[in-house]
Enquirer: 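Structure incoming, see below.
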Amino acid sequence: MLDRIQVKLMNSTSSAQSDAATTHVLGACPHDCPDTCSLLTTVQGGIAIKVQGNPAHPHTDGALCTKVSRYPERTYHPERLLHPLKRVGPKGAGQFERVSWDAALQDIAARLKTIADRGPDAAQAILPYSYAGTMGLVQGESMAARFFHQLGASLLDRTICATAGAEGLVQTLGAKVGMRVEFFAQAKLILIWGSNSISSNLHFWRYAQIAKRSGARLICIDPRKSETADKCHEHIALLPGTDGALALALMHELITHDWLDHDYLARYTLGWELLRSRALQWSPERAAGVCGVSAEQIRALAKDYGASVASREPVAIRMNYGLQRVHGGGNAVRLIASLPALVGAWRHRAGGVLLSSSSSFPVQKTALQRPDLLAGKTPRTVNMSTIGDDLLRPASAAFGPAIEALIVYNSNPVAIAPDSSKVVQGFARDDLFTVVLEHFQTDTADYADYILPATTQLEHWDVHLSYGHTDALLNRPAIAPLGEAWPNTQIFRELAAHMDFADSCFADDDLALCRQAYGEAVDFEALLAHGFATLPTPEAPFAQGNFPTPSGKCEFFSARLAAQGLDGLPDHVPNHEAFATSAHYPLAMISPPARNFLNSSFVNVRSLQDMEGEPLLEIHAIDAAARHIQSGDIVRIFNARGEYRCKAKISARARPGVVNALGVWWRKLGLSGTNVNQLTSQKLTDLGGGPTFYDCLVQVTAA
Ligand SMILES: Nc1nc2c(c(=O)[nH]1)N[C@H]1C(S)=C(S)[C@@H](COP(=O)(O)OP(=O)(O)OC[C@H]3O[C@@H](n4cnc5c(=O)[nH]c(N)nc54)[C@H](O)[C@@H]3O)O[C@H]1N2
Ligand SMILES: Nc1nc2c(c(=O)[nH]1)N[C@H]1C(S)=C(S)[C@@H](COP(=O)(O)OP(=O)(O)OC[C@H]3O[C@@H](n4cnc5c(=O)[nH]c(N)nc54)[C@H](O)[C@@H]3O)O[C@H]1N2
Ligand SMILES: [Mo]
């Protein structure tokens with residue numbers, strides 16, 4: 001039994017064991033997932049032989065998802081990048097030769113200096129491009145941010161995943177906070193809204209299962225009949241991007257049946273009269289027409305939710321980011337986040353809503369990222385979701401200088417950014433200098449001038465937050481770096497030295513950075529000893545208001561948004577590419593996460609690839625029959641932006657009118673060297689400047 005094993009900890013990087021002793025090293029899963037598991041790696045003779053969930057961590061509970069339990073397979077993958085590489089063929093061809101670290105760093109530093117030395121703001125032509133390949137506070141934006149601040153490079157708006165929902169939450173509740181995940185186990189009704197929890201939030205699903213066994217009713221709201229929908233009591237298969245309309249109709253029903261907590265509304269909310277009149281315009285019939293579900297289903301959902309007012313039983317909503325990757329994503333999140341206040345669900349610790357808990361963490365961003373190194377410079381900000389267009393933009397007064405150098409780490413934009421044909425055209429520019437820090441030769445790395453080998457989570461230090469629970473975590477290196485791989489921090493530290501950056505912060509080592517991540521706010525010794533530390537957060541944070549908004553109330557009406565000239569009240573905002581608005585492209589396409597991949601990570605891990613099979617398009621039998629498509633046929637999926645081919649699978653997981661292409665496969669593994677992002681657009685969300693991956697019309701034909 002694991003929990004009886006004496007966990008022998010290692011005290012420094014240098015102690016990564018090379019002898020035959022078996023040790024167990026505490027770590028943290030680095031991936032972009034709400035669960036942020038505590039890991040226990042078994043190391044024998046300096047080799048990581050097993051990665052397991054830490055049984056002492058309550059949320060992880062000793063269990064990992066399939067993909068992360070394959071961590072050693074990923075780490076020791078025969079195609080791991082082990083040496084710096086320099087491009088020798090045309091961009092995109094993937095031809096490289098081995099070079100020394102020193103040669104690579106000298107050349108990169110010289111190229112960056114040439115750009116930066118042209119004038120006071122010239123370094124803005126250099127752009128960092130990173131996201132959450134690791135969610136680590138240290139291997140993410142610490143030394144890297146310092147480097148780009150000192151350089152005066154363009155800033156990056158990291159919007160690719162969650163900014164619409166985050167902004168919706170901030171405007172309504174005041175911050176990225178909500179229910180504590182463990183209390184879902186005590187809820188009597190759980191709405192799982194825009195989340196395939198079994199696939200993407202497995203450790204929340206465990207709590208939902210406990211609730212289900214105690215008699216709770218589970219309802220899934222998702223265009224796709226996901227594995228999670230299969231296991232819920234009910235599934236509401238609405239059209240993509242219509243969640244706002246559904247939420248307004250629920251409010252309509254709560255109001256007309258007086259299923260309201262008037263006391264909670266009066267004391268702890270702002271703008272109720274305004275929201276009430278807007279919601280009264282959304283009868284279930286009206287919403288049914290927009291959402292593509294029956295008015296009866298909407299009425300029944302409102303009745304289930306509203307019953308909590310009389311019964312005083314806790315009702316909880318687990319939202320996830322799936323519903324905010326559409327034009328109206330920010331407004332939809334505002335509306336859904338408003339619902340608990342109508343019925344007073346926040347009074348109970350097992351009631352309310354959870355989308356993200358990340359604002360709970362006292363991250364010392366200023367200490368880690370040192371924005372003071374900008375020394376008065378105010379570089380422009382580039383939105384990562386429009387990297388396709390931005391790489392192709394010439395210099396202009398509005399945009400500033402054209403992008404001449406790009407440094408990519410913790411991200412695979414050629415595969416994951418929308419509108420790939422533009423992204424590829426941009427990366428293929430001969431006058432663009434591109435450096436990619438990676439574990440593998442991804443689609444993006446194929447376009448690099450230099451590829452620099454990075455360490456994995458088993459090989460470096462880090463500190464983590466979570467957006468699905470409220471425990472801070474620490475990751476110790478379990479093994480020595482493979483080959484000549486370096487942590488991102490070390491790469492930026494050495495680059496800083498080659499650029500002659502003098503500030504002493506460039507000398508901080510990784511353990512020092514780990515300590516700075518939370519400063520005094522989290523007990524670092526506890527993190528070292530246990531691998532995690534639970535933050536002191538209230539059980540029922542909004543039982544008596546105390547929302548971190550300017551008014552201290554749940555803000556149905558946002559004066560901050562109104563001051564920006566936006567609608568102060570949330571509304572249903574239709575998709576850019578709304579269903580049934582194009583004769584040429586009659587189907588809506590969504591491309592949610594595949595269970596055995598993490599975005600485009602793990603796609604090259606054999607055992608996981610075997611489980612996922614191959615890129616597929618799920619299509620409903622009615623839509624398939626109308627096109628004479630059979631399961632197994634190769635289909636052409638296309639719109640004005642491009643074309644993508646894969647096999648079709650006739651499946652009840654797809655509703656009529658909507659096709660599902662689970663992703664994100666590497667382009668080079670696709671049939672015609674493309675993936676689903678060949679079809680998605682660079683149009684942005686209503687709030688937060690986020691991408692609209694699931695707001696996408698297509699046509700499908702047999703190829
Ligand atoms: N296994 C696995 N886990 C992952 C990821 C992965 O790729 N694989 N990705 C990680 C990342 S980056 C994130 S951001 C998180 C959260 O990522 P999310 O994208 O929230 O992940 P899911 O919960 O899998 O998927 C969301 C669900 O939303 C549904 N959906 C799509 N459009 C709509 C809509 O308009 N309305 C509604 N109601 N539902 C819609 C999809 O069908 C899908 O079932 O998950 C993380 N976890
Ligand atoms: N069509 C479609 N597109 C999507 C989505 C979708 O649902 N549909 N989801 C979107 C979402 S939610 C997100 S979050 C983005 C995610 O997009 P990305 O953030 O780009 O995530 P990944 O595709 O996982 O790529 C991360 C890369 O970082 C590398 N990496 C991991 N750890 C380290 C490290 O320590 N150092 C270095 N140097 N590299 C490391 C990995 O090897 C991997 O290649 O994709 C978005 N794209
Ligand atoms: Mo994401």
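Note that ligands are numbered from 1 as they come in the structure, with each ligand's atoms numbered from 1 the same way. Source: prediction; values computed, not measured. This chain uses plain numbering: 1 for the first residue, then up along the sequence.
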Enquirer: Output the list of atoms in ligand 1 that are nearer than 4.0 Å to some heavy atom of Leu323, sorted by atom number.
Expert: 34 (C), 36 (N), 37 (C), 38 (N)
Enquirer: Report, in ascending order of atom number, the atoms of ligand 1 lying under 4.0 Å from any heavy atom of Asp243.
Expert: 34 (C), 35 (O), 36 (N), 37 (C), 38 (N)
Enquirer: Can you check whether Arg595 has an N/O within less than 3.5 Å of an N/O in ligand 1?
Expert: yes
Enquirer: Do NZ/NE/NH1/NH2 and the carboxylate oxygens of Lys683 and Asp695 come within less than 4.0 Å?
Expert: no
Enquirer: Between the side chains of Arg80 and Glu73, is the shortest nitrogen-to-carboxylate-oxygen separation below 4.0 Å, so that they form an ion pair?
Expert: no
Enquirer: Decide whether a cation-pi geometry holds between Arg74 and Phe602; the criteria are a distance under 6.0 Å from NZ or CZ to the six-membered ring centre and an angle within 45° of the ring axis.
Expert: yes
Enquirer: Calculate, to the nearest 0.5 Å, the distance between atoms CG and CH2 belonging to Asp443 and Trp665 respectively.
Expert: 12.5 Å
Enquirer: For ligand 1, which is the ligand I care about here, please tell me if Ile221 has any N or O atom under 3.5 Å from one of the ligand's N or O atoms.
Expert: yes
Enquirer: Does any N/O atom on Thr242 come nearer than 3.5 Å to any N/O atom on ligand 1?
Expert: no
Enquirer: In this structure, which one of Leu355, Asn320, Ile317, Ile219 forms a side chain to side chain contact (heavy atoms under 4.5 Å, CB included) with Trp193?
Expert: Ile317
Enquirer: Quick one: do Asp510 and Arg493 make a salt bridge, cutoff under 4.0 Å?
Expert: yes
Enquirer: With heavy atoms of Arg224 as the reference, note each atom of ligand 1 found under 4.0 Å away.
Expert: 42 (O)
Enquirer: Scan Lys225, Arg653, Arg655, Arg224 and name whichever one has a side chain to side chain donor-acceptor pair (under 3.5 Å) with Glu618.
Expert: Arg224
Enquirer: Which atoms from ligand 1 have a heavy atom of Ser199 less than 4.0 Å away?
Expert: 1 (N), 2 (C), 3 (N)
Enquirer: Checking the side chain of Asp462 only, and the main-chain atoms of Gly27 only, is there a donor and an acceptor separated by less than 3.5 Å?
Expert: no
Enquirer: When the ring centroid of His59 is compared with that of His203, is the distance short of 6.0 Å?
Expert: no
Enquirer: Begin with the C-alpha distance, continue with both residues' side-chain angles, and end with the deciding distance and a verdict on ring-ring contact (aromatic ring centres under 6.0 Å, His included) for Phe184 and Tyr207.
Expert: CA-CA 6 Å; Phe184 276 89; Tyr207 294 122; 8.3 Å; no
Enquirer: May I ask you to check whether Gly241 has an N/O atom sitting below 3.5 Å from an N/O atom of ligand 1?
Expert: yes
Enquirer: Can you tell me how far apart CG (Leu679) and CZ (Phe693) are? Round to the nearest 0.5 Å.
Expert: 12.5 Å
Enquirer: Show me which atoms of ligand 1 lie under 4.0 Å from any heavy atom of Gly194.
Expert: 20 (O), 26 (C), 27 (C), 28 (O), 37 (C), 38 (N), 39 (N)
Enquirer: What residues sit with at least one heavy atom under 4.0 Å from ligand 2?
Expert: Asp32, Arg74, Tyr131, Ala132, Gly133, Thr134, Ile160, Cys161, Arg325, Asn410, Ser411, Asn412, Ile416, Leu437, Glu438, His439, Thr442, Ala454, Thr455, His460, Asn488, Ser591, Leu598, Asn599, Ser600, Ser601, Val664, Val676, Asn677, Phe693, Tyr694
Enquirer: What atoms of ligand 1 come within less than 4.0 Å of a heavy atom belonging to Tyr467?
Expert: 11 (C), 13 (C), 14 (S), 15 (C)
Enquirer: Output the list of atoms in ligand 1 that are nearer than 4.0 Å to some heavy atom of Trp193, sorted by atom number.
Expert: 38 (N)
